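Note sheet for the following structure.
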Amino acid sequence: MKLTRLRMAQIRQFGGALEIPSFAPGLNVFSGPNEAGKSTVVRAIRAAFFERYRSGVIDDLIPRGETTSSASPTVELGFELGGTPYALAKTFFAKRRCSLTGGPAPLDGEAAEDALAKLLGFGFAGKGASKPEHWGIPGLLWIQQGEGHQLADPVRHAADHLRTALESTLGAVASSAGDGVLARLRSQRDELLTPSGGRPKGAYADAAKALADAREQAAELDSRLATYRDNVDSLAALRAQQQTEARSKPWEGHQAKLRQAQADLTAAQQLQAQQQREQAAAAQLQQALQLRRDQAASFASQREQAVQRQDDIARTQAQLDAAEAAAQSWATRKTQAERALDEQSALVAQAEAAERRRTLATQLANAQRDHERLAAALSQAQTESDRHTALQATARANEIAAPAIAALQQQAEALRELEITRRAASTGLQLALQPGTPVALEGQPVAPDSEHRLGARAELQIAGLGRITVLPGTSDHGDLSARGATLRGELAAGLQRLGVATLDEALLRQARHQQALAEAGTSAQLLKISAPKGLDALRQSLATAQAQQAACQAALSDMGADATQQTALPSLAEARAAQTAAKAALDAAAAQHLAAANQHATAQARHAAALAELQRLRAVLDDAQTQARERDAQAQLQQAQTRLDAAQAGLALLQQQIERSRPDLLQQDVARWQASADQSLHAHNARAGEIRALEGRLDAEGASGLDELRAELAGREQALSRRHAELALRAQALDLLVTRLEAKRQAITRQLQAPLQARLDHHLRTLFPHGRMDLRDDLTPGELAREGQAVSFEQLSHGAQEQAALISRLAYADLLKEAGKPTLIILDDALVHSDLGRLDQMKRVIFDAATRHQVLLFTCHPERWDGVGVAARELRSFVTGKPA
Amino acid sequence: MPRFLHTADWQIGRRYAQFDPDDAAHIAEERLAVVARIAALATEHRVDTILVAGDVFDAQAVSDRIIRRLFAALQGFAGPWVMIPGNHDAALTESVWTRAQRLDGVLPANLHLALAPGVIELPALRTAVLAAPLTQRHTYNDTTEFFDTTPTPEGWLRIGLAHGSVEGILPSEIDSANPISPQRCASARLDYLALGDWHGMKLVNERCAYSGTPEPDRFRGNEPGFCLLVDLSVDVDAAAPPRTLPLRTGRYTWHDLALQVDVASDVERIATTLAALGADDIAQVKISGRTDLAGHRALASALASAEAATRSLTFDLSALRLLPTDDDLSALQADGYLATLIQELRDEQQATETSPEAALLAREALALLCTELDARGATA
């Protein structure tokens, strides 16, 4: 279809008219700034086709200021379709009318409109404004501003046309009814099978469950029935057993056996008792026999004894002789030993004496020595003691108080000092006169060669010369003298007190005292050495020693014997040893002798006894009475033996009997039969109880009508199974149908879509050389795949969607055209979101499409559409008449 | 002349839950009703005694209620009933009989129940019934052997009552194993041997018969639904055989129909057959062969009508192949891939030998599809 001319008046801003006298058969680009009326032109074209001329609701066409009654929006256009030119004129509102010329006959009004719809492939609204669902093919190809990217709805609304076009290009393999039938079958299938997994649901699942339940119940009933039957059989068996037992009464047999066993046991026990009694009797007999034997034996033994005695006598006699001899020899030996001992003793005595003598001599010597020593010591000690005493006395005598002496010494010292002082203070007088000069100092003669110190006035008289009076100068000379005199007086007093004339004497005394003390000490020590324990002890020792000496002397002299055999004497030790040996020998001999004597005595006794015994025995044996008794005893012995033998024979027999009867086994038998009888009776009673219990159970179970229930259930199971099978078959068949129909439909769709897909690919490759865009079943674009990535249409960016949508539309257009449908393409401000690079590519696409379809492109960016091969025409250049 | 009624195999307590519960109730109920009918017949024909040859009950553990109802149904006849247990209701140590005995007042006084092999004497009728009840669940020996050596009072009739299969006469698919010698009548000098176990009425020889079950109980045929009215001649020396008259007692007729469709006229024929079924018919129908959609529709319609008309009707069309014609297809407005699918399914359902399950599935799918198209066509 191609538009040839367009004129519109009184539409929106075009109060006057707009006329486009001609259109290019291919691409037409119309430009104009915003609000130039581009969309109005598009609206006018759309209204001319889509809106009913009678429509009262499309007042958006009315210019401002006008009303529905005043305005008459008019659109006139000429178009060519299938080689035939048409002219459409439509006026709305005030002067509404519609006419279509060019077809077989001119058409007016609704007829014209309906014809138009049929020609172009769209529909009309029942009433009200036209809506997208009516726009059909034009709705798909006339892209409104801002809706370029929306494809799904326009495609849907044009789907049938597209399909028809697709089909007609193929020569139709599709089914007209297919989709509806498929939908219904699918819904029927979905009643029975889950859509996702194809598992039973709804009535089908219920049937399966019911069947399973019925089977389960049946199984349960079966088991109950089986139990019931088993119980019936058990009951039969038990009853039979019970009857048999009631007839045979096994416990009676057991009891009989028990009684028998008991009798046997009693018998055996009696035998045993008897055995015991007989054993006791036999024992007694045994004893009796023994007694008789003893008796007989005693007689025999007596005789034996006699014989023995004879032997004894002989033996004892021999023994006696032997013992006598022995005793004799031992006596001799003993005497000898005695003699030897005496000798030895004498020797010993001698040796002892000699020894004693020696000892005494030694002792005497020692005593003498001691005596001497002690005497010496004593004298020494005495001396020393005396000395000591003397010294002590001296010491005492010379005792002088040390302090006194010290004081004296002090005094002396003081005096000396005084003297010195005096002397120093005194006048010195040195005389160095010719010897022989008689000099007297203070009347005292002095040596001519001397020194003197003068403390006071002194007169020196030199004979023949006269006198020299020395008058010392110091004044305290007299003091000193006085002091000196005092001191001298004290000194003298002290001396007097001490009893000495001079200090030196005192000192001497003291020294003597000390010396005496020292010597006394030494002396005491010496004394101690000499007489450690004291003199008296020493004296005593001496006395003792003296006594001892005297004693020794006395003893020695007492002894007085001579020592003639001294040299032939053995030593004392030897003698003693010999003596001891002799003694020992003697003892031994004595002992032996004693023993021998004892033996002798014993032997004698024995012998005597034996003789006596023999005599006695003889007496007894010879006694007639004894002999008689002996014979008697013998006889009785025989008897007893016989009786015993009999008893034992009897016992042996009895033992055999007992063994045969096996009382141990009989005991067991009794226990066994007792237990059996008890048990069989008990079992019988127990079984009776069991039977009753079983009867009760069966009664209860039977009353519940198990078999009837089972039969019922069996039938129900059959019915359910049938139903389940039916539903299963139905479900499977539906599934089969749905699957097959869907598959067929899909195959066809793919077939149908193939050409469309080809067109799409063709256009897409202009934009994306290696791209591919799928078509969905509803013919909208699906995934766009390029460079290994696949993105769904809706996920594309706005710009990309615009491009993809436009490409799809162009593909649809190609297809529709092939099917002979009109394909006018109107792009109102399309591809606004495309970048320049893409736009360039899109231009190629559009240019290519324009070789097949008429394209009206409205834009406010003519510069964007540069290079599209066609000059853009300004819209305002077509405006005629005043604007509204 | 002594006259008695011979019946057996009542199978009281049997359930029919494979049918619709409503139908099942009626069918089961009829089994008790027939007992009352027998009693009524016996009274009507003035028989001397009724012989029931075993399998009175279908199982041991039937409910007490059923037991009571059964024995109550005997009221219609005041004369003596002689019953023996069969294999379904064998006289075990604990059985439906012992339970009935424990229920107070259930067993009527005029019932002679032989729970052990022996002779039941009916002095008033000068009749001795030699009864061979089954006393085990499974019996493998001839329970009637003792008949030969059992004496009965001089001049009395000797009637045998047993439950088992006469050797050499009946086909092998028989209920129980217990054999009965075909010579028993002769060897035991019986005037009549009343047998049970075989559900169809069958005259073994002139003195021995199976009465069969008085009310058919299953689809297998062999003439059930009768009891036997037996007239014996007292004049034994004449050795005249008894006269045996079957009396129909069964209400329902069980039909096991296997029908074949190959051509269109077969469909009509089947429809007619089905239409002939009525309220006292119990039918199971299997239709095999092939038909087009029209024929299928006609059959479905006939079956639906018959289902409504009969006591019970179950059918199986799995062996009926659907072969829609081209007309069918266009009538269905099945075009395009629908038509293709229909063709495919039509072909697939032929492969009954190689893959019978797939064939069945294809058939079912085809039927569904055609039904769907049909319905849509009907509404469109």
Side-chain angles (χ1 to χ4, degrees), chain A residues 167 172-178 180-182 184-185 188 224-225 228-229 231-240 694-695 698-699 701-722 726 729-730 732-737 740-741 743-745 747-748, chain B residues 12-21 24 28 57-67 88 92-96 98-99 102-103 135-137 314 316 318 332-341 344-345 348 357-358 360-369 372-373 375-377 380:
Chain A
E167 284 163 24
V173 194
S175 165
S176 52
V181 169
L182 178 56
R184 276 193 304 282
L185 286 175
Q188 281 176 32
R224 275 174 73 185
L225 275 170
Y228 181 81
R229 287 197 195 115
N231 283 344
V232 168
D233 291 344
S234 302
L235 183 62
L238 285 174
R239 278 199 181 137
L694 203 49
E695 279 172 353
L698 286 170
D699 202 10
E701 257 315 62
S704 60
L706 283 177
D707 271 317
E708 264 187 270
L709 291 173
R710 187 67 186 86
E712 168 88 22
L713 200 54
R716 205 142 45 85
E717 202 183 316
Q718 208 186 340
L720 287 171
S721 175
R722 211 171 42 229
E726 277 169 14
L729 187 63
R730 182 182 162 80
Q732 279 170 21
L734 285 168
D735 198 42
L736 176 94
L737 285 171
R740 298 264 277 257
L741 285 172
K744 284 191 171 359
R745 198 164 154 286
I748 281 166
Chain B
I12 300 297
R14 178 168 264 199
R15 301 294 207 102
Y16 293 95
Q18 62 266 40
F19 301 134
D20 186 73
F57 292 100
D58 194 48
Q60 298 284 6
V62 295
S63 63
D64 283 1
R65 188 166 172 276
I66 285 288
I67 296 174
H88 282 259
L92 305 177
T93 189
E94 173 68 9
S95 67
V96 62
T98 58
R99 285 175 47 220
R102 285 200 298 272
L103 295 171
T135 53
Q136 295 170 285
R137 266 194 219 102
T314 51
D316 176 10
S318 59
L332 289 177
Q333 289 176 15
D335 58 342
Y337 59 85
L338 277 180
T340 319
L341 183 59
E344 285 173 6
L345 292 175
E348 278 166 34
E357 281 162 22
L360 188 60
L361 190 61
R363 188 218 164 273
E364 182 71 15
L366 184 58
L368 280 171
L369 185 55
E372 184 54 40
L373 290 169
R376 188 202 50 136

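What you see is a predicted model, and the numbers here were worked out from it, not measured in a lab. Each chain gets a letter, A, B and so on, in the order its sequence line appears, and its residues count up from 1.
- To the nearest 0.5 Å, atoms CG (A/Asp699) and CG (B/Leu103) are separated by 8.0 Å.
- In this structure, no portion of B/Ser318 lies under 4.5 Å from any heavy atom of chain A.
- The most heavy-atom pairs under 4.5 Å with chain A, out of B/Gln136, B/Arg14, B/Arg363, B/Glu344, come from B/Glu344.
- Not a single donor-acceptor pair under 3.5 Å links the side chain of A/Glu712 to the backbone N or O of B/Arg15.
- Between chain B and the options A/Ser721, A/Ala711, A/Ala733, heavy-atom pairs under 4.5 Å are most frequent for A/Ala733.
- Put simply, CG on A/Leu182 and CG on B/Leu338 are 8.5 Å apart, with the number rounded to the nearest 0.5 Å.
- If you tally non-hydrogen atom pairs under 4.5 Å between each of A/Leu185, A/Leu713, A/Leu225, A/Asp233 and chain B, the highest count goes to A/Asp233.
- Contact annotation: the side chain of A/Leu698 never approaches that of B/Thr98 to less than 4.5 Å [non-hydrogen atoms, C-beta and beyond].
- The structure places CG of B/Leu373 at 8.0 Å from CZ of A/Arg184, a figure rounded to the nearest 0.5 Å.
- For B/Arg99, the salt bridge (Lys or Arg N to Asp or Glu O under 4.0 Å) partners at least two apart in sequence or on another chain are B/Asp64.
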### Query
Between B/Glu348 and A/Arg740, is a salt bridge (charged side-chain N to carboxylate O under 4.0 Å, His left out) present by the stated rule, with each step listed?
CA-CA 13 Å; B/Glu348 278 166 34; A/Arg740 298 264 277 257; 2.5 Å; yes

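- Atom CD of residue B/Gln60 and atom CD of residue A/Glu701 lie 14.0 Å apart, to the nearest 0.5 angstrom.
- Contact of A/Gln188 with chain B is made through the side chain alone, with heavy-atom distances under 4.5 Å.
- Note that the CG atom of B/Asp58 and the CG atom of A/Asp707 stand 8.0 Å from one another [nearest 0.5 Å].
- Crowding of B/Arg65 atom CZ: a count of heavy atoms from other residues, nucleotides or ligands under 6.0 Å not exceeding 12.
- The two residues A/Gln732 and B/Leu361 have their closest heavy-atom pair at CB-CD1, 3.3 Å.
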### Query
A/Arg722 and B/Thr314: side chain to side chain contact (heavy atoms under 4.5 Å, CB included), yes or no, with the steps?
CA-CA 10 Å; A/Arg722 211 171 42 229; B/Thr314 51; 3.8 Å; yes

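- For A/Leu737, the parts lying under 4.5 angstrom from a heavy atom of chain B are both the backbone and the side chain.
- The shortest non-hydrogen separation linking B/Ala17 to A/Ala719 is O-CB, 3.8 Å.
- Residues meeting the salt bridge (Lys or Arg N to Asp or Glu O under 4.0 Å) test with A/Arg710, sequence neighbours left out: A/Asp222.
- The backbone N or O of A/Arg229 sits less than 3.5 Å from a side-chain atom of B/Arg137, completing a donor-acceptor pair.
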### Task
Go through B/Leu369 and A/Val181 one step at a time and tell me if the side chain to side chain contact (heavy atoms under 4.5 Å, CB included) criterion holds.
CA-CA 8 Å; B/Leu369 185 55; A/Val181 169; 3.8 Å; yes

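- Residue A/Arg239 touches chain B through its side chain alone, counting heavy-atom pairs closer than 4.5 Å.
- To the nearest 0.5 Å, atoms CG (A/Leu729) and CG (B/Leu368) are separated by 8.0 Å.
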